[in-house]
There are 2 protein chains.
Amino acid sequence: MKKPNRARSRTSIREQQRLDPSEREGIIAREAVSFFAEYGFEGQTRELARRLRITQPLLYRYFPSKEALIERVYQEVFVERWRPSWEAIITDRSVPLKTRLIQFYREYAGVILTYEWIRLFMFAGLKDLGLNARYLKMLRERAFEKLIEEIRFEYGRPSTRDLPITVLEIEMVWGLHAAIFYLGVRKFIYSMPLETDVNSIIDAKVTTFLGGIRSILPAKETV
Amino acid sequence: MKKPNRARSRTSIREQQRLDPSEREGIIAREAVSFFAEYGFEGQTRELARRLRITQPLLYRYFPSKEALIERVYQEVFVERWRPSWEAIITDRSVPLKTRLIQFYREYAGVILTYEWIRLFMFAGLKDLGLNARYLKMLRERAFEKLIEEIRFEYGRPSTRDLPITVLEIEMVWGLHAAIFYLGVRKFIYSMPLETDVNSIIDAKVTTFLGGIRSILPAKETV
DNA sequence: CTTTTTGTTTATCGAATGATAAATAAGCAT
DNA sequence: ATGCTTATTTATCATTCGATAAACAAAAAG
């Protein structure tokens, strides 16, 4: 008497399925992002495999080591999700400055204020000594410095090429960034539901920011 | 031929020393704070023991499990380091409001802007689902709500007992808190040296905060 | 249908890790 | 000195975990 109920296989219902390597690799990478965001990089490869409904050694066919998989996660989240168009938004002088800032920060917040981004960034910071500093250096160069240049221009101050960005200026920008980033920390790390709409917080913060930064800008140039 | 060079012992130079249990327990707890702040709670008990110059099983004479040791670390840092005098500072109406706020935030920053506090709080948040929310609830009740009550009083607005704290008000306080906390994140998690003096940042943030919150306070009471 | 290729699983290794039990020895009491 | 208490160490267990090798099987090639 052979087992009557199964058509072809011995594993429960789902059949072993062979996927195209590039497709499988993408599936693993995507799940790894979600998985490590939840458990941190100490999360076990066996558990990740279970969530993928594959066996653990299969991971090693696509990634030579756990560390390589983590590198891929970094790439997937911190590199791929950066949008070059943001730099264009900031410098587009056909649009009012405040509008540009609000648009940039709304879009940027839309990307980083996610469970995956916030938690992975924090896990990386606590573990890896280089990644976050590298990312924030990029953020400073591609966004913050351009942003200060635009503010200088708006208020008729010297270009940052002629007069370097001051500590006070960059500190104000960090403050604005902190306020937005911290929303993600509250929500995704402390599990505290936000009571307010993120976009309106951003609008308010940008308004306060623009009001405050004017007073600490360098003096107007005397020709 | 006996070994000639050793006076009494076989372990290198340092003698095995018996300490008073309460003293040993304190030493372990203190080192555990520093250790887990650096490596996170996945740090190994053997490595901790090595730093303490004791053997790993000795840890289990003083703490029944690793988890119990971690609980002790929480206690040591997040409970013991809170100073009840802070609540008195906030509510002491013989001192100007702004002075009180600056004094409170300077002292509070002095405690939480440390390598141990910031990193342990973040590690705890990423792992434990309850601790941070509990701590921040306490912070809100013992400091933030009192602070808003004082601001209301200062500007002649209804007491928070008669008119509950609004979302906008508490959100502004969170924003101030975020700015200060984020200094610690930058320094101790991202390893980015701060370019400015913390106290002057706090002074500036408090000033901006007091200037901004006035406009979102509830209307004056109409008797 | 038969053979080949290769995606996937089974079995297993070796090191790491939290924890326990028994042996050792430091310091005090007598 | 001798013996007792107990702080500390040695030895070891049971899992966990990243990683590897070999066996299996699905799909394509001939």
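Note on naming: letters A, B, ... go to the chains in the order of the sequence lines (proteins, then strands), and numbering restarts at 1 for each one.
- Summarising the geometry, the separation between CG on A:Leu59 and P on D:dT20 is reported as 13 Å, rounded to the nearest angstrom.
- Regarding B:Leu48, its CG atom lies at a distance of 15 Å from the C1' atom of C:dA19, rounded to whole Å.
- Applying the side-chain hydrogen bond (donor to acceptor under 3.5 Å, both in side chains) test to every pair with at least one member in residues 59-69 of chain B, sequence neighbours left out, gives these pairs: B:Glu67-B:Lys127.
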Exercise answer: donor-acceptor pairs, residues 97-104 of chain A side-chain atoms, under 3.5 Å, sequence neighbours excluded:
unit_1   : atom_1 : unit_2   : atom_2 : d
A:Lys98  : NZ     : A:Thr207 : OG1    : 3.2
A:Arg100 : NE     : A:Asp92  : O      : 3.1
A:Arg100 : NE     : A:Val95  : O      : 2.8
A:Arg100 : NH1    : A:Ile90  : O      : 2.7
A:Arg100 : NH1    : A:Glu150 : OE1    : 2.8
A:Arg100 : NH2    : A:Val95  : O      : 3.4
A:Gln103 : NE2    : A:Glu107 : OE2    : 3.3

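- A:Phe63 comes within contact range of no nucleotide atom at all, as no heavy-atom separation falls under 4.0 Å.
- The A:Leu58 side chain lies nearest to C:dT9 when the options are C:dT20, D:dG18, C:dT9.
- Between A:Arg50 atom CZ and C:dT9 atom P the separation is 15 Å, expressed in whole Å.
- A salt bridge links A:Arg50 with A:Glu47: the closest approach of a Lys/Arg side-chain nitrogen to an acidic carboxylate oxygen falls below 4.0 angstrom.
- Checking C:dG18, C:dT9, D:dT9 against every side-chain atom of A:Ile54, the shortest atom distance belongs to C:dT9.
- Within residues 64-71 of chain B, the residues approached by DNA chain C to less than 4.0 Å at the level of any non-hydrogen atom are B:Ser65, B:Lys66, in residue-number order.
- For D:dT8, the OP1/OP2 oxygens have no side-chain nitrogen or oxygen of B:Thr55 closer than 4.0 Å.
- For B:Phe188, there are no ring pair (Phe, Tyr, Trp, His ring centres under 6.0 Å) partners at least two apart in sequence or on another chain.
- In this structure B:Arg30 satisfies the salt bridge (Lys or Arg N to Asp or Glu O under 4.0 Å) test with no other residue, sequence neighbours excluded.
- Identified under the salt bridge (charged side-chain N to carboxylate O under 4.0 Å, His left out) test for residues 117-126 of chain A, with sequence neighbours left out: none.
- A:Tyr135 pairs by the ring pair (Phe, Tyr, Trp, His ring centres under 6.0 Å) definition with A:Trp117, A:Phe121, not counting sequence neighbours.
- In this entry the distance linking CZ of B:Phe41 with P of C:dG18 reads 14 Å, nearest Å.
- Under the rule for a ring pair (Phe, Tyr, Trp, His ring centres under 6.0 Å), the partners of A:Phe35 that lie at least two apart in sequence or sit in another chain are A:Tyr39.
- Nearer to the 5' terminus of DNA chain D, by closest-nucleotide assignment, is the contact made by B:Leu19 (compared with the other of A:Gln56 and B:Leu19).
- An OP1 or OP2 oxygen of D:dA7 is reached within less than 4.0 angstrom by no side-chain nitrogen or oxygen of B:Tyr62.
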Under 3.5 Å between N/O atoms: give me all the protein pairs with nucleotides 2-6 of chain D, atom names plus distance.
unit_1 : atom_1 : unit_2  : atom_2 : d
D:dT6  : O3'    : B:Arg61 : NH2    : 3.4
D:dT6  : O2     : B:Arg18 : NH1    : 3.1
D:dT6  : O2     : B:Arg18 : NH2    : 3.2

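- Atom OH in B:Tyr60 sits roughly 17 Å away from atom P in D:dT10 (whole-Å rounding).
- The residue B:Arg46 sits close to a base: some heavy atom pair falls under 4.0 Å.
- Scored by the ring pair (Phe, Tyr, Trp, His ring centres under 6.0 Å) test, A:Phe36 finds A:Phe41 as partners (sequence neighbours excluded).
- Protein atom CD of A:Glu23 is 13 Å distant from nucleotide atom C1' of C:dG7, rounded to whole Å.
- When the side-chain contact (heavy atoms from CB on, under 4.5 Å) test is applied to B:Glu31, the partners found at least two apart in sequence or on another chain are B:Ser34, B:Leu48, B:Arg51, B:Leu52.
- B:Glu47 has its CD atom 15 Å from the C1' atom of C:dG18, to the nearest Å.
- Put simply, the side chain of A:Glu169 does not reach to within 4.5 Å of the side chain of A:Thr160, judged on heavy atoms.
- Atom OH in B:Tyr39 sits roughly 16 Å away from atom C1' in C:dA16 (whole-Å rounding).
- Here the straight-line distance linking atom CD of B:Glu171 with atom CH2 of B:Trp174 works out to 9.0 Å at 0.5 Å rounding.
- Contacts with DNA chain C (heavy atom under 4.0 Å) in residues 26-34 of chain B: none are found.
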